[in-house]
Structures are given as C-alpha cells and as structure tokens.
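Note: hydrogens, waters and symmetry copies are ignored here, and every other heavy atom, side chains too, is used.
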Amino acid sequence: MSTPALHQKLIGDRSLVAFDTETTGLWAVSDRLVEIGAVKFRLGENPTATFQELINPEREIPPDAIAVHHINNSMVLNAPKAAEVLGRFVEFIGDAVLVAHNAPFDISFVGVELDRARLTIPDNPVLDTVDIFHRLFPGAPSYSLLSLISAFKIAQNQEHRALSDALHVRSLMEEAAVRLADLPDPVAVYQTFGRHSLQEWRAKEIDLPAEFTDLTIAIEQKLAIEILYATENGIPQKRIIHPKQIQAKRSLYYIIAYCQTAQAERTFRLDRIQSFQLIDS
C-alpha cells in the first residue's frame, strides 16, 4: 500500500495539521502561550501551508522558559494576544486532523486559551506522535522529539521553536505512515491510537461548598480577599486577590482572579489556598 493510498484509507479527504506550542511554563491553567506554529499537509505530499505567530502572554516569561525556546520578553512585547492569534489558528486548521508530539501538553494550552478567550473550541481529532511511535516501536530508549528525529535522520538538533518542531512532527507522521502501510491491517492499528480533543480542556463553572462562602461573596460583590497561598515551591505567600470566576478543569478547582501583587490576572488552585478572608471595603 502506498502512502497516498494509506492516507485515503485512514484520513479520507481531510488534511493533517502538525502543530506545536511554546509557553511560559508547564501548566496550561496558570501559564500562557508565547508561540504557536503549524504545517498543513497530506501524507506523501509537500506541505500546503504553514502558520507561525508569536503571542503576548501578558506576563513576564521566566528565565528557565527563555533558556529553552529563546523567546524573550522584548520579542513578544508588541505581539498580538492569544485570543487574536488563536482565532486565526482555528481558521487555519479548518476540519483537519491535528497531530502533535506529546499532544496532551499542546492541546491543554490551546484549549485553555480558547476557553479563556470565550472562543469556540473546535472538535478536530488530535493524534499524538508519542503514542504512535510507542505502538510502532515498543521499547525504544526514548520517545522525545529530539530522539526520534535523530533516530530517523530527520534532523540532529531541535530549535524548540513552534514551526520548526511542527515540521519535525509532520516528518514523523510520514515515517509512521510508511511503516503502517507495511502492516497486514494498518486500519486496525490506526484505530488503536489514542485520540485527543481540544475540548478536553473546556472549563466548567461550579458552585462551591458552604465552607467557601466568602469566596462566592467576593465574586458576587466584587470584593477583595486575602489568601495564604502555597506556591509551587511549597512556601506559603499572602496575596490580595479580586476573584472573578471559579472553574473546574479535569479534577481540580481554580480561581480566576486579579492579583494585586502581580498587578495582572492570575489563576490559583483552590487546594493550594491554605486560608482566606474577606477584606473590608
């Protein structure tokens, strides 16, 4: 079976879009996008279009993130915000089958940002090249993007920029398609691949239990609240916040609030708030 024939049997007439993101950190609910890149293609054919835009994350990019992707604060200062860029990204992908390497990471950021901007979250199926190569090559020493592109002689280094990595993901899909074509029943193998969706990260607004009444009052009456918050390093910090909304994502609850310390909107995990009290107006 040739690669184009495989494309017809597995994907139909839909294009694929390999995409990648660069971010301010590792957790989509509290961190932000700084870049998104994508390439549209059909298996066995040259790419038909590419997409790449920097994004203003509306906060400082931490030094450890800059060290990875080399996108600094001055580069994104005048870039458009996520809502504007993702509106164009959704238009770019159309009804394509999406592909990403470690897809849950990338779809979490895109899904959360779309939800935050109150934009429609598309339901395109998303394939994960980590999952695909786990199934095609079980027991490999590493399934990182760099390890795989090196093993298949696609490239010997990785820029950690969104479009460059998306192009590598597209090349990995071509490698996978060739190997699927040699299997006795490639359709059955394809159907076992994990499918993801951006809609997995749609938030749900919730009503809090009675012990969180003060938080509910703060939201309803637009009041400030002082919290003692356990940061990622475990050290509690006092923050004065103006809660706007309570959301549930997966199994965790989050408070979307304006933080006086950061002088910007921030997201706080409810289970990390050790104590809280309303501040008299």
Side-chain angles (χ1 to χ4, degrees), residues 14-40 51-59 61 65 69 71 76 79-132 145 160 162-163 165-166 169-170 173 193-206 244-257 264-271:
R14 299 169 79 171
S15 296
L16 294 101
V17 170
F19 76 104
D20 183 71
T21 61
E22 303 299 336
T23 69
T24 64
L26 300 177
W27 183 228
V29 178
S30 56
D31 291 303
R32 296 294 181 92
L33 288 172
V34 296
E35 186 179 43
I36 187 166
V39 54
K40 186 177 292 185
F51 182 98
Q52 182 178 31
E53 289 203 42
L54 290 170
I55 297 169
N56 185 338
E58 302 180 72
R59 63 183 58 184
I61 305 173
H69 49 54
I71 299 171
V76 298
K81 296 177 182 178
E84 181 180 341
V85 173
L86 290 180
R88 291 192 285 269
F89 177 71
V90 169
E91 183 178 351
F92 175 81
I93 65 176
D95 68 346
V97 174
L98 303 179
V99 189
H101 197 74
N102 189 21
F105 177 87
D106 295 291
I107 67 172
S108 69
F109 274 88
V110 176
V112 167
E113 291 280 21
L114 285 167
D115 200 45
R116 183 181 287 127
R118 300 289 193 268
L119 295 174
T120 299
I121 303 178
D123 62 355
N124 304 53
V126 185
L127 298 178
D128 184 356
T129 44
V130 172
D131 175 59
I132 290 170
L145 184 59
H160 288 287
L163 180 57
D165 284 358
V169 173
R170 176 246 172 188
M173 277 301 294
F193 293 156
R195 310 286 182 94
H196 301 277
S197 170
L198 296 168
Q199 294 188 350
E200 295 169 20
W201 287 90
R202 186 190 306 278
K204 298 177 182 177
E205 293 198 39
I206 60 168
K244 298 179 178 179
Q245 190 178 26
I246 307 290
Q247 292 184 342
K249 290 181 186 290
R250 300 292 179 92
S251 60
L252 295 173
Y253 293 164
Y254 299 89
I255 298 175
I256 314 299
E265 184 178 285
R266 290 290 185 266
T267 303
F268 300 92
R269 271 177 51 172
L270 189 61
D271 62 319

Can a salt bridge be assigned to the pair Glu113 and Arg116 using a cut-off of 4.0 Å between side-chain N and carboxylate O?
-> yes
Is there a side-chain contact between Leu114 and Thr120 (heavy atoms, below 4.5 Å)?
-> no
Any side-chain heavy-atom pair from Leu26 and Phe105 closer than 4.5 angstrom?
-> yes
Step-by-step side-chain contact (heavy atoms from CB on, under 4.5 Å) determination, Leu119 to Val90 | CA-CA 10 Å; Leu119 295 174; Val90 169; over 6 Å; no
Check whether any side-chain heavy atom of Ile36 sits under 4.5 Å from a side-chain heavy atom of Val85, and report yes or no.
-> yes
Can you name the closest pair of heavy atoms from Ala162 and Gly37 and give their distance?
-> CB-N, 3.2 Å
In this structure, CD1 of Ile55 is separated from OG1 of Thr21 (nearest 0.5 Å) by 8.5 Å
With under 30° as parallel and over 60° as perpendicular, where do the rings of Tyr254 and Trp27 fit, or are they tilted in between?
-> tilted
At what distance, to the nearest 0.5 angstrom, does CG of Asp115 lie from CH2 of Trp201?
-> 11.0 Å
Closest non-hydrogen contact found for Ile61 with His69 is CG2-CE1, 4.0 Å
Enter the distance from Leu163:CG to Glu53:CD here, rounded to the nearest 0.5 Å.
-> 11.5 Å
How would you list, by chain and number, every residue that makes a side chain to side chain donor-acceptor pair (under 3.5 Å) with Arg269, sequence neighbours excluded?
-> Asp271
Please name the pair of heavy atoms, one in Gln199 and one in Ile121, separated by the smallest distance, quoted to 0.1 Å.
-> NE2-O, 2.8 Å
Considering non-hydrogen atoms only, spot the tightest contact between Asn56 and Ala79 and give its length.
-> CB-O, 3.2 Å
Which distance, rounded to the nearest 0.5 Å, do you find between the CD1 of Ile71 and the CD of Glu22?
-> 5.5 Å
Say you draw a straight line from CE of Met173 to CG of Leu16; how long is it, rounded to the nearest 0.5 Å?
-> 5.5 Å
Inter-residue atom distance Ile255.CD1 - Ile246.CD1, 0.5 Å rounding | 4.0 Å
Between the side chain of Lys40 and the main-chain N/O of Phe92, is any donor-acceptor distance below 3.5 Å?
-> yes
Which residues share a ring-ring contact (aromatic ring centres under 6.0 Å, His included) with Phe89, sequence neighbours left out = Phe19, Phe51
Taking C-beta and beyond as the side chain, do Asp106 and Asp20 meet within less than 4.5 Å on heavy atoms?
-> yes
Heavy-atom closest contact (Ile93 atom, Pro122 atom, distance) | CD1-CG, 4.2 Å
Please table the atom pairs, donor to acceptor, closer than 3.5 Å between any side-chain atom in residues 96-103 and protein atoms at least two apart or in another chain.
{"residue": "His101", "atom": "ND1", "partner": "Thr129", "partner atom": "OG1", "Å": "2.7"}
{"residue": "His101", "atom": "NE2", "partner": "Tyr143", "partner atom": "O", "Å": "2.8"}
{"residue": "His101", "atom": "NE2", "partner": "Leu145", "partner atom": "N", "Å": "3.2"}

Given side chains that start at C-beta, do those of Arg59 and Arg32 come closer than 4.5 Å, heavy atoms only?
-> yes
Val112 and Ala28: which non-hydrogen atoms are nearest, and at how many Å?
-> CG1-O, 3.7 Å
Considering only heavy atoms from C-beta outward, does the side chain of Arg195 approach that of Leu127 to under 4.5 Å?
-> yes
